[in-house]
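Throughout, a chain's letter reflects where its sequence line sits, starting with A, and its residues are numbered from 1.
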Protein chains: 2
Amino acid sequence: MRVIKNVCKNDAALPIISAMTRVTIKDVARIAGVSPSAVSRVFTDGASASEATREKVLTVARDLGYRPSLLARGLVGTRTNLVTLVMGRMHDPFDALFLDELAEALAARGTRLMLASAGRDAAGDSGLLQALDYKSDAVIVAAGTMSPEHADLCVRAGLPVILSGRVLDAPGVDSVLADNVGGGRQAAELLVRTGCRRLAYLGRGGATFSDRERLKGFAGAASRAGIEVATTAVADRDHGTVFQAATDLFAGPAPPDGLFASTDSMAIAAIEAARAVGLSVPDDLSIVGFNNVPAAAWRSNQLTTVDYPIAGVVSGILDLLDSRLADPDRAREVRRIPTGLVVRATTREKHPHRRGCP
Amino acid sequence: MRVIKNVCKNDAALPIISAMTRVTIKDVARIAGVSPSAVSRVFTDGASASEATREKVLTVARDLGYRPSLLARGLVGTRTNLVTLVMGRMHDPFDALFLDELAEALAARGTRLMLASAGRDAAGDSGLLQALDYKSDAVIVAAGTMSPEHADLCVRAGLPVILSGRVLDAPGVDSVLADNVGGGRQAAELLVRTGCRRLAYLGRGGATFSDRERLKGFAGAASRAGIEVATTAVADRDHGTVFQAATDLFAGPAPPDGLFASTDSMAIAAIEAARAVGLSVPDDLSIVGFNNVPAAAWRSNQLTTVDYPIAGVVSGILDLLDSRLADPDRAREVRRIPTGLVVRATTREKHPHRRGCP
DNA sequence: CTGAAAGCGCTTACAG
DNA sequence: CTGAAAGCGCTTACAG
């Protein structure tokens with residue numbers, strides 16, 4: 001390798017990067033007339049280096065186009081500034097919103113992001129291993145169900161695990177999530193308040209953590225109002241499947257007058273199903289979604305929904321990341337970010353049945 | 001560090017990973033009674049090791065929970081099996097579809113994916129630098145506009161650059177993209193064929209590479225049919241902004257009877273605008289989108305659109321990646337993947353004005 | 001097939 | 001403030 005160094009001279013006025021040959025700390029040290037240690041210190045925040053040295057090194061580094069190898073740094077250093085995110089397939093527009101916000105926030109603080117698909121193994125443990133293999137500072141798990149065993153393995157290995165959107169009662173494993181239970185409650189209270197009496201929940205049949213929590217909050221609040229919730233479960237979150245399930249529900253023997261869907265995507269499919277069977281929304285049927293994705297605001301949907309506090313969840317994750325890195329032994333923390341209701345046109349005005357009351 | 005090794009004994013029947021202490025190749029070598037080189041060979045495909053050695057090493061490695069450090073491997077080896085993807089903000093559902101497919105395809109071949117936001121700098125050069133810093137096998141650029149200078153820098157440094165959705169005429173820089181021009185042509189031909197005569201293009205005003213190409217194909221085919229295309233540009237791709245622009249266009253002095261939008265998202269906003277101003281789609285106005293995102297198929301949209309061949313583009317990228325790694329000096333290649341037309345309900349039946357002809 | 005040695009590019013105590 | 005030395009965890013020629 002070294003043999004061909006400089007065989008191919010630069011012909012342009014660009015940094016002197018010979019083909020295939022990386023500029024190393026030694027090159028900079030040699031040309032600047034200092035030791036590699038000195039160069040290293042100049043590139044390390046808070047390390048001691050005289051102004052003269054700093055200037056010499058910086059100049060040479062710039063001229064040579066030197067950049068410290070993150071691989072070498074990671075190998076020897078204690079922190080890599082790298083975080084691994086375990087995600088599932090991004091089948092819902094919401095997933096992109098979340099990833100976008102997280103990626104942006106991490107980039108803003110100079111943290112690199114590596115992706116690992118939860119993919120085949122439900123536990124997403126291949127993602128954890130990948131995080132370990134690259135010595136990630138932490139792994140953020142936003143998909144699948146993590147087993148306590150795997151979580152424990154990571155924590156022992158010194159890899160902080162932060163769960164997004166799910167909770168695991170394992171020592172050292174932090175969680176950040178939207179207050180799904182609260183959001184479900186808000187949905188139920190809105191529907192009840194606006195006169196709905198036959199409430200239904202359209203969800204994944206408990207297939208995901210969020211789905212279970214949202215139903216719990218919804219059913220709980222409904223129950224307090226003396227209403228029992230009918231649930232419809234759909235195996236696949238695909239639009240067509242949900243549309244069909246909703247159509248069956250609406251055309252069935254006990255159609256609801258108030259529906260809460262696990263996600264906006266499902267709620268939108270329900271709106272279309274309502275139209276298909278000739279139900280008027282919100283006159284015959286009120287619908288509430290969850291997430292507040294852009295499509296919820298579209299003119300043809302105007303979906304009332306529970307707003308997922310993405311920014312809050314993301315900053316919660318960064319917060320917990322910092323805290324955990326600062327103190328690896330701190331107690332686990334679960335942070336639930338409050339949701340808000342965004343009332344649009346798929347629910348009725350307040351108190352329609354109280355019209356005329358004082 | 002080493003001092004605390006084994007201070008905290010394992011209490012469970014899990015691999016022996018002492019707190020904070022990584023199992024290294026030396027540990028495995030020592031316990032297996034072989035040299036580190038031997039262990040390395042066992043973990044290297046196609047390296048020579050006797051069956052006895054292999055078995056011993058593998059057993060010990062499993063018991064100890066040993067995994068080769070990718071950092072160390074990357075530092076010393078010639079390939080890292082790591083690819084960096086430069087993406088912009090994921091404001092369109094399409095972005096998630098693409099990333100999802102790419103991530104899945106890379107994972108399937110055992111390649112790790114690192115994310116770099118194009119973010120602030122339009123050139124996305126920070127992403128390139130990040131790719132360099134981690135010794136990525138290649139960088140896939142799917143956002144922003146890359147300057148020839150930066151591309152050249154990467155190629156010189158031995159970092160293959162693969163452009164997705166854009167083309168750059170620089171040596172060694174490969175590209176894969178949907179045939180935008182062809183797609184635009186298909187849209188125009190469909191509209192003309194179904195009787196539209198006043199064609200309009202709703203796009204980003206040439207802000208992106210795709211936008212320019214789609215308009216080019218559309219306007220070219222329209223021109224061959226003797227029709228001049230009116231273009232409407234929108235600065236922000238936000239739904240509300242597009243809705244307003246489309247409303248203005250439709251309510252303006254020269255409303256079109258056939259509209260081609262740069263993306264499905266924009267086309268859907270246009271559908272809603274048409275409804276808002278009382279235009280009937282497709283009777284008064286035909287609309288064609290681009291991408292074929294899930295929402296295009298929704299009952300309330302039923303959007304006729306040009307299908308973006310995501311799978312084809314992704315496999316093209318992997319293909320070019322392999323080729324480039326196998327032969328770094330090969331000529332640059334631009335691969336355009338054919339698009340297809342998905343005809344739904346926002347365009348008319350064929351030849352409505354020829355009704356009665358033989 | 002196998003091990004000793006050198007090296008990847010960097011940082012971290014350690015003396016000065 | 002500075003440099004020599006050791007080491008991070010691995011692989012790659014090089015002899016055997």
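Counting to the nearest Å, the C1' atom of C:dC8 and the CG atom of B:D133 are 16 Å from each other. In this structure, the CD1 atom of A:I25 is 19 Å from the P atom of D:dG7, given to the nearest Å. Regarding B:N81, its CG atom lies at a distance of 13 Å from the P atom of D:dT11, rounded to whole Å. In this structure, B:L70 atom CG and D:dC8 atom C1' are separated by 15 Å, rounded to whole Å. The separation between A:R41 atom CZ and D:dT2 atom C1' is 6 Å, rounded to whole Å. Computed from coordinates, the A:K135 NZ to C:dT11 C1' distance equals 11 Å when rounded to whole Å. Note: CZ (A:F43) to C1' (C:dT11) measures 14 Å, nearest angstrom. One atom, CZ of B:R22, and another, C1' of D:dC8, lie 11 Å apart when rounded to the nearest Å.
Using a 4.0 Å heavy-atom criterion, one finds that B:S69 contacts the sugar-phosphate atoms exclusively. Residue A:S50 is classed as a sugar-phosphate contact, given heavy-atom separations below 4.0 Å to backbone atoms only.
Residues B:T53 and A:V76 each lie close to DNA chain C; by heavy-atom proximity, the contact nearer the 5' end of the strand is made by B:T53. Along DNA chain C, the nucleotide nearest B:V34 and the nucleotide nearest A:V39 are compared for position; the residue whose nucleotide lies closer to the 5' end is B:V34.
Distance from the side chain of A:S48 is smallest for D:dT2 among the nucleotides C:dT2, C:dT12, D:dT2. Which of C:dC10, C:dT2, D:dT11 sits closest to the side chain of A:P68 comes down to C:dC10.
One finds a salt bridge joining A:R89 and B:D100 here, because a Lys/Arg side-chain nitrogen approaches an Asp/Glu carboxylate oxygen to under 4.0 Å. Checked for salt-bridge contact, B:R22 and B:D27 miss the test: no charged N lies under 4.0 Å from a carboxylate O. Salt-bridge annotation for A:R335 and A:D319: present, with a side-chain N of the basic residue lying under 4.0 Å from a carboxylate O of the acidic one. Note on A:R73 versus B:D133: no salt bridge recorded, every NZ/NE/NH1/NH2 to OD/OE distance being 4.0 Å or above.
Not a single donor-acceptor contact under 3.5 angstrom links the side-chain atoms of B:R67 to the base of D:dG9. Side chain B:S37 to base C:dA4: a donor-acceptor pair is found below 3.5 Å.
Interatomic distance, A:L159 CG to A:R324 CZ, rounded to the nearest 0.5 Å: 11.5 Å.
Contact annotation: B:R73 reaches the phosphate of D:dT11 (side-chain N/O to OP1 or OP2, under 4.0 Å).
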